[in-house]
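Worksheet: the structure to be examined is printed underneath.
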Amino acid sequence: MSTKIRVRFAPSPTGPLHMGGVRTALYNYLFAKKHGGDFILRIEDTDQNRYVPGAEEYIIEALKWCGIMPNEGVGFGDGPHAPYRQSERKDIYKKYADQLIASGHAYYAFDSEEELTILRTEMEAVKSSFAYNAITRKQLINSLTLSKAETDKRLSGAEHYVIRLKVPENEDIHVKDIIRGDVSVHTSQMDDKVLFKSDGMPTYHLANVVDDYLMKITHVIRGEEWLPSAPLHVLLYRSFGWENVMPQFAHLPLLLKPEGNGKLSKRDGDRLGFPVFPLRWVDPATREESSGYREKEYYPEAFTNMLALLGWHPSGDKEIYSMEELIEDFSLERVNKSGAKFDPEKTKWFNQHYLRLKPDSVLADHLKSILRTEFNFSSDDHRMQDDFLLKAIPLLKERVQFEHEMLEVGRYLLFKPTEYDQQVISKKWKDSHAAFFRALLNAYENLNDFNSVETEKVFQETAVSNGLKPGEVLQLFRVFLSGQGGGVNLFGMAELLGKQEVLQRLKSAMAVVGVELNA
RNA sequence: GGCCCGUUCGUCUAGGGGUUAGGACGCGUCCCUUUCACGGAUGAAACACGAGUUCGAUUCUCGUACGGGCUACCA
C-alpha cells in the first residue's frame with residue numbers, strides 16, 4: 001500500500017525568506033507534485049523573541065510570486081491539520097512532552113540559563129566545551145538527580161523548568177538520507193537538547209517532530225544545516241514510538257556566496273550587487289532596505305529555473321525548464337551533495353532567455369505603463385500606441401536582459417537626439433557628403449511607402465547615384481537620426497519613426513553639421 | 001577545538017573502472033552585419049593530493065589537505 005506523499009516547507013518568520021529558502025520550498029513543491037502529493041506551508045514561530053512583523057506575509061507573497069503554491073497552510077486556505085502556525089498549536093506540544101516524561105525518555109531540568117552559561121564559558125576557557133549530556137546531567141539540577149518530592153515541589157512552585165531529552169548512552173544513531181546515504185552519530189556526541197522551553201513553548205526539535213507526525217509528513221526535505229540535528233529527531237521519533245511512520249530525510253546542499261567562501265547570507269546580496277531575496281524587503285526595525293528579484297524585473301520563471309538547477313541537475317543537458325517540466329523531471333536522487341555557489345551572471349542569462357519568449361504584446365503593455373508612470377506620456381501620444389510599440393519591441397528585445405533596459409537602449413526611438421556622436425562625425429564626415437544628404441532628404445520627401453525595405457532601397461540608390469558606397473554614409477545617417485553610432489536596425493528605426501520624424505531629425509542634424517539645405 | 005557533510009573547467013554541472021572527460025554561463029577568436037545585439041562556428045579552461053585495490057583508476061577504499069555546516073531555553 002502506498003501512502004500519499006506529503007511534504008512541508010517550514011520557515012520561521014524571523015525575516016524575509018531568502019533564495020536558499022525559496023529553493024528548499026521549490027524542491028519540496030516539485031517533489032510533491034511529481035508524486036501527486038501534498039505540499040504544506042507551516043510557520044515555525046516557536047521563538048517569540050525573534051518574531052518579525054511582516055515576515056509571514058512576505059513568505060506567502062514570495063511563494064505566490066514564484067508559483068510555488070501549497071495545498072495547505074498559512075495563507076493558503078489551511079486544511080485538515082489546521083492550525084499551521086506553531087504558536088497556535090502550543091497546547092499540543094506540552095502533551096507530547098509530558099508523554100516523553102512519563103515514558104522516561106525525557107526529564108525536567110531546573111538549571112538556569114545563567115548557570116549553564118557560566119559552565120560553558122568555564123569549559124571554553126580550558127579549550128573544552130560543555131554539553132548537557134549523559135555524564136553532566138548527573139551533576140546538574142534535574143528530575144534525575146532530585147528526589148521525586150523535590151521535583152514535584154519545584155514543578156508546583158513558580159520555578160522555571162525545561163524538559164530535556166534523555167539521550168541514551170553509547171549507541172550509534174543512524175539517519176538514512178536520500179541524498180547522502182547513511183549518516184551516523186554516536187550518542188556520546190549528542191546533548192540532551194531542550195524540547196520544551198521555560199516560556200511554555202516547544203523548541204524547534206519537538207514541534208517539528210510532533211507536527212510532522214500529526215500532519216502525516218512522509219518526506220522531510222530541508223537544508224543541510226539541519227543534518228547535525230537529524231539524529232536527534234530520529235531519537236525523538238523512536239522515543240514516541242513512531243519509528244514506523246518516521247518520514248524519510250533529504251538534506252539539501254547549501255547555497256554558497258559567489259565569491260569567497262561561506263553560505264549565502266542575507267547580508268551578501270546588495271553588497272555584491274545582486275538580490276538575495278525574491279521580493280524587496282524593508283526591515284521594520286531599522287528601515288534598512290534589501291532589493292528583490294521581482295523589483296529588479298527578473299521573471300519568476302527565470303528565477304525558479306535558475307534556482308532549480310542550483311543543486312539539482314537532470315541526466316541530460318537540458319537547462320531551460322518550465323515549472324511543469326521541472327515537476328516531470330525532478331528527483332531527490334539527482335540532487336547534488338556539495339554546496340553550490342550562486343552565479344548572478346547566469347541568472348541574468350536566464351532572464352534574457354525568458355524575455356525573448358515573451359510575446360511582443362505583453363512587453364508592449366509593460367512598456368506602456370512605464371511610459372505613463374515614469375515619463376508622463378498621455379494615452380493619445382503616438383509613442384503609446386500599439387502601432388508604434390509593436391514595431392519598437394522587436395528592434396529592442398534581442399538586445400536586453402531586462403524590460404527596463406529597452407527604454408535605456410532605445411531612448412532615441414522615443415526622443416529626438418540632443419547631441420551627436422562627434423567621434424563618428426569627425427571620422428566619417430566629408431564635405432562632399434553634403435550633396436548626398438540633400439539628395440536623400442529630397443528622395444525621402446517624395447517617398448510614399450516609408451517602410452524599412454523602401455527606405456533602404458532609396459538610401460542605396462541615392463548613395464550610388466552620388467558616387468558613394470552606401471557604407472560610407474550609413475553610419476552618419478544613423479548618427480543623424482539617433483545621435484549615436486550604434487543601435488537597432490537602422491531602416492527598421494526609420495520605419496518606426498515615420499517619414500515626418502525622419503525628415504525632421506535629418507534636417508536638424510544637417511543644420512548642426514553645417515549643411516546648407518538649399519545649396 | 002569536537003562532531004557531521006562535501007571536493008570534475010572561474011561558476012553551475014554531465015559522466016563513470018579503459019572517454020579526444022560532454023553541456024551551459026562567463027571569457028577569447030572568426031563568420032554574419034554599416035554599428036551594436038542576436039545567431040552560427042571555434043578556442044582557452046577541470047577530475048585537490050597521496051597511498052591501496054586492479055592489467056588499468058577521474059570513477060572503488062583509506063588517509064591527507066582544503067571547503068562547508070552544526071556545536072542556544074534560535075530556527
Side-chain angles (χ1 to χ4, degrees), chain A residues 10-14 44-47 49-50 86 109 111-113 116-117 120 123-124 126-132 160-164 175 177 179-181 183-186 188-191 193-205 207-208 222-231 251 253-254 256 258-259 261-263 306 309-320 334 336-350 352 356 395-400 409 424 428 459 469-479 482 484-490:
Chain A
S12 119
T14 53
E44 310 230 326
D45 55 350
T46 51
D47 185 357
N49 301 322
R50 297 211 310 158
Q86 289 184 329
D111 320 270
S112 72
E113 273 187 271
L116 294 177
T117 306
R120 272 192 194 95
M123 291 302 278
E124 271 164 31
V126 292
K127 289 242 189 291
S128 187
S129 61
F130 167 79
Y132 209 116
H160 284 237
Y161 67 91
V162 300
I163 296 175
R164 286 181 183 272
V175 179
D177 188 280
I179 296 167
R180 287 154 212 284
V183 176
S184 74
V185 175
H186 194 84
S188 63
Q189 302 300 329
M190 299 169 64
D191 58 349
K193 278 272 179 291
V194 170
L195 302 178
F196 201 83
K197 301 185 271 187
S198 58
D199 66 357
M201 283 292 241
T203 59
Y204 167 84
H205 304 294
N208 149 272
R222 75 231 300 190
E224 191 185 352
E225 69 268 28
W226 292 110
L227 193 53
S229 53
H251 288 94
L254 264 11
L256 275 16
E259 287 157 20
N261 304 316
K263 75 170 170 178
M306 173 280 293
L309 259 12
L310 226 44
W312 170 83
H313 203 279
S315 56
D317 289 334
K318 180 169 169 171
E319 292 206 291
I320 298 299
R334 291 199 63 86
N336 283 96
K337 294 181 181 70
S338 49
K341 278 190 185 177
F342 166 68
D343 181 359
E345 288 308 311
K346 189 149 187 179
T347 312
K348 289 181 189 164
W349 175 80
F350 274 111
Q352 177 181 27
R356 296 217 183 105
L395 297 174
L396 295 168
K397 77 192 283 194
E398 299 294 316
R399 332 173 65 82
V400 298
V409 164
V424 175
K428 299 269 185 177
F459 184 91
K469 280 191 285 187
E472 287 181 67
V473 278
L474 241 150
Q475 204 181 5
L476 282 168
F477 182 42
R478 172 185 289 286
V479 173
S482 72
Q484 48 191 74
V488 304
N489 178 278
L490 183 49

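Sequence lines set the chain letters: A, B, ... in the order given, protein chains first and strands last, and positions in each chain run from 1. Atom set for the values below is all heavy atoms of this structure, side chains included, hydrogens, waters and symmetry mates excluded.
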Query raised in the report: Which base sits across from B:G67 as a Watson-Crick or G-U pair, both distances under 3.5 Å?
Result: B:C5

Report task. Would you indicate what A:S315 reaches in the nucleic acid, counting non-hydrogen atoms under 4.0 angstrom: base, sugar-phosphate, or nothing? Result -> sugar-phosphate

Report task. Would you mind telling me which of B:U34, B:C12, B:A75 lies closest to the side-chain atoms of A:E319? Result -> B:C12

Requested in this report: Give a yes or no on whether A:H160 atom NE2 has more than 12 heavy-atom contacts from other residues, nucleotides or ligands under 6.0 Å away.
Outcome: no

Query raised in the report: Side chain of A:D317: nearest nucleotide among B:C70, B:G23, B:A14?
Result: B:G23

Query raised in the report: Do the non-hydrogen side-chain atoms of A:E345 and A:W349 ever get within less than 4.5 Å of each other?
Result: no

Requested in this report: Output the single nucleotide from B:C74, B:C70, B:C38 whose closest atom is nearest the side chain of A:Q352.
Outcome: B:C38

**Report entry** Expected output: side-chain A:D191 to main-chain A:Y132 donor-acceptor under 3.5 Å
**Finding:** no

Query raised in the report: To the side chain of A:K197, which of B:C4, B:U13, B:C73 is closest?
Result: B:C73

Query - Distance between C1' atoms of B:G23 and B:A51 (Å, rounded) - result: 34 Å

Query raised in the report: Between B:A24, B:A75, B:C73, which nucleotide gets closest to the side-chain atoms of A:S12?
Result: B:A75

Report summary line: The nucleotide from B:U34, B:G69, B:A14 with an atom nearest the side chain of A:N336 is B:A14

Report task. Check for a donor-acceptor pair, side chain of A:D177 on one end and backbone N or O of A:H251 on the other, with a separation under 3.5 Å. Result -> yes

Query raised in the report: Given that A:P258 and A:E398 both sit by RNA chain B, which one's nearest nucleotide is further toward the 5' end?
Result: A:P258

Report summary line: In whole angstroms, the gap separating C1' of B:C25 from CZ of A:F350 amounts to 8 Å

Report summary line: Quick note, A:D343 side chain, CB onward, closest among B:C25, B:C70, B:C74 is B:C25

Query raised in the report: B:A37 pairs with which nucleotide, Watson-Crick or G-U wobble, both distances below 3.5 Å?
Result: none

Query raised in the report: Hey, does A:V162 reach any base, or is it just sugar-phosphate, or nothing, if we go heavy atoms under 4.0 Å?
Result: base

Query raised in the report: From the list B:C38, B:C70, B:G15, which nucleotide is the closest neighbour of the side chain of A:R334?
Result: B:G15

Query raised in the report: Can we say A:E472 and A:K428 salt-bridge, meaning some charged N sits less than 4.0 Å from an Asp/Glu carboxylate O?
Result: no

Query raised in the report: Which value, in whole Å, describes the distance between the P atoms of nucleotides B:C30 and B:C38?
Result: 16 Å

Requested in this report: Can you tell me the pairing partner of B:G52 across any strand shown, Watson-Crick or G-U wobble, with both distances under 3.5 angstrom?
Outcome: B:C60

Query raised in the report: Is the base of B:C74 touched by the side chain of A:R50 through a donor-acceptor pair closer than 3.5 angstrom?
Result: yes

Query raised in the report: Taking atom C1' in both B:G43 and B:U34, what distance in whole Å separates the two?
Result: 28 Å

Query raised in the report: For A:R180, which contact category applies under a 4.0 Å heavy-atom criterion: base, sugar-phosphate, or nothing?
Result: sugar-phosphate

Query raised in the report: To the nearest 0.5 Å, what is the distance between OG1 (A:T117) and CG (A:D111)?
Result: 11.0 Å

Query raised in the report: Does B:A45 have a Watson-Crick or wobble mate here (both distances under 3.5 Å), and if so which one?
Result: none

Query raised in the report: CG of A:L227 versus P of B:C4: gap in Å, rounded?
Result: 11 Å

Requested in this report: Indicate, yes or no, whether a donor-acceptor pair under 3.5 Å links the base of B:A72 to the side chain of A:K193.
Outcome: no

Requested in this report: Name the orientation class of the two ring planes belonging to A:W226 and A:Y204 (parallel below 30°, tilted from 30 to 60°, perpendicular beyond 60°).
Outcome: parallel

Query - Nearest-angstrom distance, P atom, B:G26 to B:U19 - result: 32 Å

Query - Distance in angstrom units between A:L116 CG and B:C73 C1', rounded - result: 9 Å

**Report entry** Sugar-phosphate only, base, or nothing, as touched by A:D177 at under 4.0 Å among non-hydrogen atoms
**Finding:** nothing

Query raised in the report: Salt-bridged, A:R50 to A:D47, with N to O below 4.0 Å?
Result: yes

Query raised in the report: From B:C25, B:U13, B:C70, pick the nucleotide closest to the side chain of A:E345?
Result: B:C25

Query raised in the report: Roughly how far apart, to the nearest Å, are B:U42 and B:C5 at atom C1'?
Result: 40 Å

Query raised in the report: Under 4.0 angstrom, heavy atoms only, what part of the nucleic acid is A:D45 near: base, sugar-phosphate, or nothing?
Result: nothing

Query raised in the report: Checking all strands, does A:G311 fall into the base, sugar-phosphate, or nothing category for heavy-atom contacts under 4.0 angstrom?
Result: sugar-phosphate

Requested in this report: Under 4.0 Å between any heavy atoms, over every strand shown, what does A:T203 touch: base, sugar-phosphate, or nothing? Just pick one.
Outcome: sugar-phosphate

Requested in this report: Would you mind classifying the nucleic acid contact of A:L490 as base, sugar-phosphate or nothing, using non-hydrogen atoms under 4.0 angstrom?
Outcome: base

Query - Nucleotide B:U7, atom P - distance to NZ of A:K337 in whole Å - result: 7 Å

Requested in this report: Using the C1' atoms only, state how far B:U8 lies from B:U71, rounded to an integer number of Å.
Outcome: 32 Å

Query raised in the report: What does A:R222 touch in the nucleic acid at a heavy-atom separation under 4.0 angstrom: a base, only the sugar-phosphate, or nothing?
Result: nothing

Query raised in the report: Which nucleotide sits closest to the side chain of A:K346: B:G69, B:A24, B:U34?
Result: B:A24

**Report entry** P gap between B:U61 and B:G22, integer Å
**Finding:** 25 Å

Query raised in the report: Which part of the nucleic acid does A:K263 contact within heavy-atom distance under 4.0 Å: base, sugar-phosphate only, or nothing?
Result: sugar-phosphate

Query raised in the report: If we take the C1' atom in both B:A45 and B:A24, what is their distance in whole Å?
Result: 14 Å

Requested in this report: Let me know, please, whether A:G339 or A:V183 comes out on the 5' side of the other along RNA chain B by nearest nucleotide.
Outcome: A:V183

Report summary line: Between CD of A:Q484 and C1' of B:U35 the distance, given in whole Å, is 10 Å

